[in-house]
Amino acid sequence: MPRGRPPHNRNARPGRGGNNRRRRNDIDADGSGIMLPQQVSDILTRKPVGTHIEISGWIRTRRDSGGVSFLELSDGSCLDSLQVVADNGLDNYDREIRKITTGTAVQVVGLLVDSPAKGQEVEVRAERITVIGWSDAETYPLQKKRHGFEFLRSIPHLRPRTNALAAVARIRSRLDYAIRNFFRERGFFLVHTPIITTSDCEGAGEMFTVTALPPEQIKGPGSFADDFFGRRAGLTVSGQLQAEIYALALGRVYTFGPTFRAENSNTSRHLAEFWMLEPEISFCDLACAMSVAEELIRELVRTVLRDCAKEVNLFNRFVDSKLLGRLESITGEPFARLAYGEAVDLLARSGRDFEFPVRWGVDLQAEHERYLCEEVVAGPVIVHDYPKGIKPFYMRLNDDGQTVAAMDILVPGIGELVGGSQREERYDLLARRMDEAGLDEAEYGWYLDLRRYGTVPHSGFGLGFERLVQLVTGMHNIREAIPFPRTPGSAPC
RNA sequence: UCCCGGGUAGCUCAGCUGGUAGAGCAGGUGGCUGUUAACCACCCUGUCGGGGGUUCGAGUCCCUCCCCGGGAGCCA
């Protein structure tokens with residue numbers, strides 16, 4: 001027990017008249033009887049000055065001034081906190097209020113008034129402050145000062161209590177909702193493709209194996225015949241193949257969920273577990289897919305600028321001072337488009353001394369991609385029609401016989417945000433490319449069936465959700481774009 | 001996995017060509033003031049990432065392992 005610290009009381013509860021009694025500030029806008037407590041976001045939006053409010057949250061800082069204490073109360077509902085003014089007339093002022101430190105959970109009842117001081121428009125003149133849960137300042141890792149993101153990563157259970165990580169979480173949630181809304185409004189259906197799968201998606205990286213076998217029974221690929229699924233299963237690396245099945249039944253679909261890559265990649269833009277959005281659209285060629293992806297990104301950025309302005313400003317101030325300008329430019333001009341061949345010419349003629357020389361037929365290196373989107377256009381670029389040799393079997397062969405109908409969207413600071421293609425819908429051509437790729441035709445019989453029965457042109461793409469979160473927050477490391485980052489050697493909680 | 005750069009107080013970091021560890025912030029105590037990165041005074045804080053070696057002596061030099069960051073590859 002720390003010296004001079006009030007005893008922890010796990011049973012401390014805000015005073016309530018009874019279990020089912022409605023409190024005066026509960027929101028019941030739709031008359032449904034829902035009894036959720038009031039939130040700071042609502043109070044700061046409506047500013048019901050002159051009314052009594054009841055608000056619960058966590059104290060960020062306490063400042064004492066003679067017989068008055070100022071508490072900053074945050075409940076996570078928005079970036080701003082609510083200033084609570086407590087004077088020494090309160091009965092627990094010396095006993096408890098003066099001992100409140102960062103992280104303490106409290107419930108406050110008081111009168112909302114115009115604030116006489118600069119820094120906030122309104123404040124609560126407290127009539128009662130109840131400590132719900134103490135936080136020992138000597139051991140609580142979060143202080144009322146800025147912390148490095150690396151340090152915060154070491155306390156994943158506490159980091160969402162910081163302004164920055166909470167802001168990321170709110171933006172992430174808003175983006176998720178905006179994505180679902182975007183597609184719903186355009187006649188798409190969400191398809192839940194499987195997490196556990198037995199089909200690999202070529203070019204998508206290494207799969208984690210899912211097995212019910214005891215470790216000592218795994219002795220090479222043959223072991224999986226006795227396994228739970230009777231064959232080797234793994235965590236999905238892409239929902240595309242299954243999304244195609246539903247696109248050829250429902251027309252427009254998308255899948256959005258966790259995706260896994262067992263790559264030993266240690267970079268600021270890779271995760272072993274990440275969320276990927278994968279629309280798949282029937283009767284849609286590459287140009288169609290590009291237009292969907294472009295409008296989607298534009299719409300999502302617009303939404304964040306409109307609905308998360310406070311958060312974006314925070315990041316613009318403390319994380320990346322060019323963020324706002326970049327986001328506004330994304331919502332403005334159309335994305336630049338470059339055929340792979342044009343991109344190669346452009347890079348070759350740039351006079352730049354690249355570490356890896358550019359040559360038609362080899363994939364663009366990170367330095368090339370960065371030069372294109374960060375220096376040539378200074379904005380998003382769609383590179384399309386790549387050589388077939390560097391792309392997976394399912395991408396549609398162009399008439400030139402050399403390139404496939406593929407596209408990548410590159411954005412400054414992040415690199416590849418989107419990768420997509422028109423899928424090969426012609427049975428013979430697909431079968432030949434699968435053969436060339438050394439794929440077992442029996443294994444992918446169902447995929448060929450989609451071309452055997454009522455085949456149609458269709459396209460789709462994958463968008464890395466965390467990279468999108470990075471784009472709109474300016475976060476430099478993808479580990480700050482997901483609540484619980486999974487990377488090689490790290491999955492703490 | 002490869003190439004760089006790091007690991008020193010709770011946090012952010014300083015510590016020269018080896019001489020026995022410091023600052024700011026946080027925390028504690030007291031003071032003061034409608035405060036807001038509050039202020040003032042005093043106080044506390046260390047397996048210097050682990051192990052091994054060189055040396056009279058290692059935070060500092062060497063070896064090795066672990067971890068982290070940046071870049072590369074792979075991709076979203």
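Heavy atoms only: backbone and side chains are in, while hydrogens, waters and symmetry mates are out. Proteins come first, then strands; the chains are lettered A, B, ... in the order of their sequence lines, and each starts at number 1. Predicted, not measured: the structure shown is a model, and the values here were computed from it.
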**Prompt:** With sugar-phosphate meaning primed atoms plus P, OP1 and OP2, does A/Leu271 contact a base, only sugar-phosphate, or nothing at under 4.0 Å between heavy atoms?
**Reply:**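 Base contact.
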**Item:** A/Phe274-B/A76 aromatic stacking (under 5.5 Å, under 30°)
**Value:**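 Stacking is present between B/A76 and A/Phe274, given that their ring centres fall under 5.5 Å apart and the planes under 30°.
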**Message:** Taking pairing as Watson-Crick or G-U wobble with both contacts under 3.5 Å, can you name the mate of B/G19, or confirm there isn't one?
**Reply:**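 Paired with B/C56.
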**Item:** Nearest atoms (heavy-atom pairs only) where A/Leu410 meets A/Cys373
**Value:**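 Answer, listing the atom of A/Leu410 first, then A/Cys373: O-CB, 3.9 Å.
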**Message:** Check A/Glu295 with A/Arg298, please: is the shortest side-chain N to carboxylate O separation under 4.0 Å?
**Reply:**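 Looking at A/Glu295 together with A/Arg298, the answer is yes, because their closest N to O distance falls below 4.0 Å.
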**Request:** Pick the P atom in B/A38 and in B/U47, then give their distance to the nearest Å.
**Result:**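 These two P atoms come out 28 Å apart once rounded.
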**Request:** Going 5' to 3' through nucleotides 34-39 of chain B, assign each nucleotide B (protein heavy atom under 4.0 Å from a base atom), S (under 4.0 Å only from sugar-phosphate atoms) or - (no protein heavy atom that close).
**Result:** BBB-B-
**Request:** State whether the distance check finds a donor on one side and an acceptor on the other, under 3.5 Å, for side chain A/Glu138 versus base B/G28.
**Result:**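 Such a pair does not exist between side chain and base.
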**Message:** I'd like the C1' distance from B/C16 over to B/C75, given in whole Å.
**Reply:**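 The answer is 45 Å between these two C1' atoms.
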**Prompt:** RNA chain B: A/Ser490 or A/Asp363, which has the more 5' nearest nucleotide?
**Reply:**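 That would be A/Ser490.
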**Asked** In whole angstrom, what separates A/Glu273's CD from B/A76's C1'?
**Response**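 Whole-Å distance recorded here is 14 Å.
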**Asked** Counting any heavy atom closer than 4.0 Å, what does A/Arg62 reach on the DNA or RNA strands: base, sugar-phosphate only, or nothing?
**Response**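 No contact at all - A/Arg62 keeps every heavy atom at 4.0 Å or more from the nucleic acid.
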**Asked** Roughly how many Å is it from CZ in A/Phe208 to C1' in B/C75, rounded to a whole number?
**Response**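 After rounding, the gap between these two atoms is 14 Å.
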**Asked** How is A/His147 classified with respect to the nucleic acid when contacts are heavy atoms under 4.0 Å: base, sugar-phosphate, or nothing?
**Response**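 Result for A/His147 = sugar-phosphate.
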**Item:** Between A/Gln240 and A/Glu244, a side-chain donor and acceptor under 3.5 Å
**Value:**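 Their side chains do contain a donor-acceptor pair, which is all the 3.5 Å distance test asks for.
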**Salt bridge A/Glu299-A/Arg302, side-chain N to carboxylate O under 4.0 Å** =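 So A/Glu299 pairs with A/Arg302 through a salt bridge.
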**P gap between B/A21 and B/C4, integer Å** =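 34 Å, rounded to whole Å.
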**Pair assignment for B/C25, Watson-Crick or G-U wobble, requiring both distances under 3.5 Å** =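 Per the H-bond distance test, B/G10.
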**Item:** Spacing of A/Phe256 atom CZ relative to B/A76 atom C1', expressed in whole Å
**Value:**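 It is 12 Å, rounded to the nearest whole Å.
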**Item:** Between B/G69 (C1') and A/Asn266 (CG): distance, integer Å
**Value:**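 Between C1' of B/G69 and CG of A/Asn266: 9 Å.
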**Prompt:** Taking NZ, NE, NH1 and NH2 as the nitrogens, is one of them in A/Glu280 or A/Arg423 under 4.0 Å from a carboxylate oxygen of the other?
**Reply:**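 Looking at A/Glu280 and A/Arg423, the cut-off is met.
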**Item:** Under 3.5 Å: donor-acceptor pair, side chain of A/Asp176, backbone of A/Arg172
**Value:**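 Not a single qualifying donor-acceptor pair exists.
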**Request:** Could you work out the separation of B/U8 and B/C13 based on their P atoms and round it to a whole Å?
**Result:**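 Result for the P pair: 9 Å, nearest Å.
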**Asked** Between the side chain of A/Ser282 and the main-chain N/O of A/Ala247, is any donor-acceptor distance below 3.5 Å?
**Response**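 Flag set: sc A/Ser282 to bb A/Ala247 pair under 3.5 Å.
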**Message:** Against A/His368, only a single residue in A/Phe356, A/Phe354, A/Tyr340 fulfils ring-ring contact (aromatic ring centres under 6.0 Å, His included); can you say which?
**Reply:**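 The residue from A/Phe356, A/Phe354, A/Tyr340 that satisfies ring-ring contact (aromatic ring centres under 6.0 Å, His included) with A/His368 turns out to be A/Phe354.
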**Request:** Just name whichever nucleotide pairs with B/C75, Watson-Crick or G-U, keeping both distances under 3.5 Å, else none.
**Result:**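 Paired with no nucleotide.
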**Asked** How does protein reach along nucleotides 42-50 of chain B, written 5' to 3' as B (base within reach of a heavy atom under 4.0 Å), S (only sugar-phosphate), or - (no contact)?
**Response** ---------
**Message:** Of the listed nucleotides (B/G73, B/C32, B/G69), which one gets closest to any side-chain atom of A/Arg98?
**Reply:**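 So the side chain of A/Arg98 is nearest to B/C32.
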**base_contact_polar (B/C75 base, A/Arg467 side chain, donor-acceptor, <3.5 Å)** =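 Answer yes: a donor N or O sits under 3.5 Å from an acceptor.
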**Prompt:** Between B/C67 and B/C25, how far is it from one P atom to the other, in whole Å?
**Reply:**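 Taking atom P in both B/C67 and B/C25, they lie 35 Å apart.
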**Item:** Gap between atoms CG and P, on A/Asp87 and B/U33 respectively (whole Å)
**Value:**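 That distance rounds to 15 Å.
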**Residue met sooner reading RNA chain B from 5', once A/Glu367 and A/Ile478 are mapped to nucleotides** =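 Result: A/Glu367.
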**Request:** Identify whether NZ of Lys or CZ of Arg in A/Arg186 sits under 6.0 Å from the centre of the six-membered ring of A/Phe182 and within 45° of that ring's axis.
**Result:**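 Geometry flag: set, cation within 6.0 Å and 45°.
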**Message:** Assess whether a salt bridge exists between A/Arg159 and A/Glu480, defined as any Lys/Arg side-chain N lying under 4.0 Å from an Asp/Glu carboxylate O.
**Reply:**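 Between A/Glu480 and A/Arg159 there is a salt bridge, with a charged N closer than 4.0 Å to a carboxylate O.
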**Message:** Using whole Å, what does the distance between atom P of nucleotide B/A76 and atom CD of A/Glu206 come to?
**Reply:**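 For the pair A/Glu206 CD and B/A76 P, the rounded distance is 14 Å.
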**Protein-nucleotide distance (A/Met407, atom CE; B/A76, atom P), rounded to Å** =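 These atoms are roughly 11 Å apart.
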**Asked** On a whole-Å scale, what distance lies between the C1' atoms belonging to B/U60 and B/U55?
**Response**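 Going atom to atom, C1' in each nucleotide, I get 13 Å.
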**Asked** Does any N or O in the side chain of A/Arg60 come within less than 3.5 Å of the main-chain N or O of A/Lys144, such that one atom is a donor and the other an acceptor?
**Response**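 Judged by distance alone, no pair lies under 3.5 Å.
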**Asked** Under 4.0 Å between a Lys/Arg side-chain N and an Asp/Glu carboxylate O for A/Arg337 and A/Glu294?
**Response**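 The answer is yes: the pair qualifies as a salt bridge.
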**Item:** Nearest-Å distance once atom P is located in both B/C65 and B/A26
**Value:**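 Pairwise P distance, B/C65 against B/A26, rounds to 41 Å.
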**Message:** Looking at the base of B/A76, is there any donor atom on it, or on the side chain of A/Arg261, that sits under 3.5 Å from an acceptor on the other one?
**Reply:**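 Counting by modelled atom types and ignoring angles, a donor-acceptor contact under 3.5 Å is found here.
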**Request:** Using both distances under 3.5 Å as the test, list the Watson-Crick or G-U wobble partner of B/C39, or none.
**Result:**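 The answer is B/G31, by the H-bond criterion.
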**Message:** Within the 4.0 Å heavy-atom criterion, would you say A/Asn477 contacts the bases, only the backbone, or no part of the nucleic acid?
**Reply:**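 Sugar-phosphate contact only - A/Asn477 comes under 4.0 Å of backbone atoms but never of a base.
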**Request:** Determine the Euclidean distance between corresponding P atoms of B/C66 and B/G73; express it in Å to zero decimal places.
**Result:**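 So the two P atoms sit 25 Å from each other.
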**Asked** Does a side-chain N or O from A/Arg479 land closer than 4.0 Å to OP1 or OP2 of B/G69, or not?
**Response**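 Answer is yes, contact under 4.0 Å.
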**Message:** Without decimals, in angstroms, what is the distance between A/Asn264 CG and B/C75 P?
**Reply:**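 Whole-Å distance recorded here is 15 Å.
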**Prompt:** Between A/Gln365 and B/G73, is there a side-chain N or O to OP1/OP2 distance below 4.0 Å?
**Reply:**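 For A/Gln365, the contact criterion (side-chain N or O under 4.0 Å from OP1 or OP2 of B/G73) is met.
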**Asked** Any side-chain N or O of A/Arg269 under 4.0 Å from OP1/OP2 of B/G73?
**Response**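 Result: no.
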**Message:** Can you confirm whether A/Leu471 sits close enough to A/Ile330 that some side-chain heavy atom of one is under 4.5 Å from a side-chain heavy atom of the other?
**Reply:**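 Of all side-chain heavy-atom pairs linking A/Ile330 with A/Leu471, at least one is under 4.5 Å.
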**Request:** Scan A/Thr259 against the nucleic acid and name what it touches under 4.0 Å (heavy atoms): base, sugar-phosphate only, or nothing.
**Result:**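 Contact class for A/Thr259: none.
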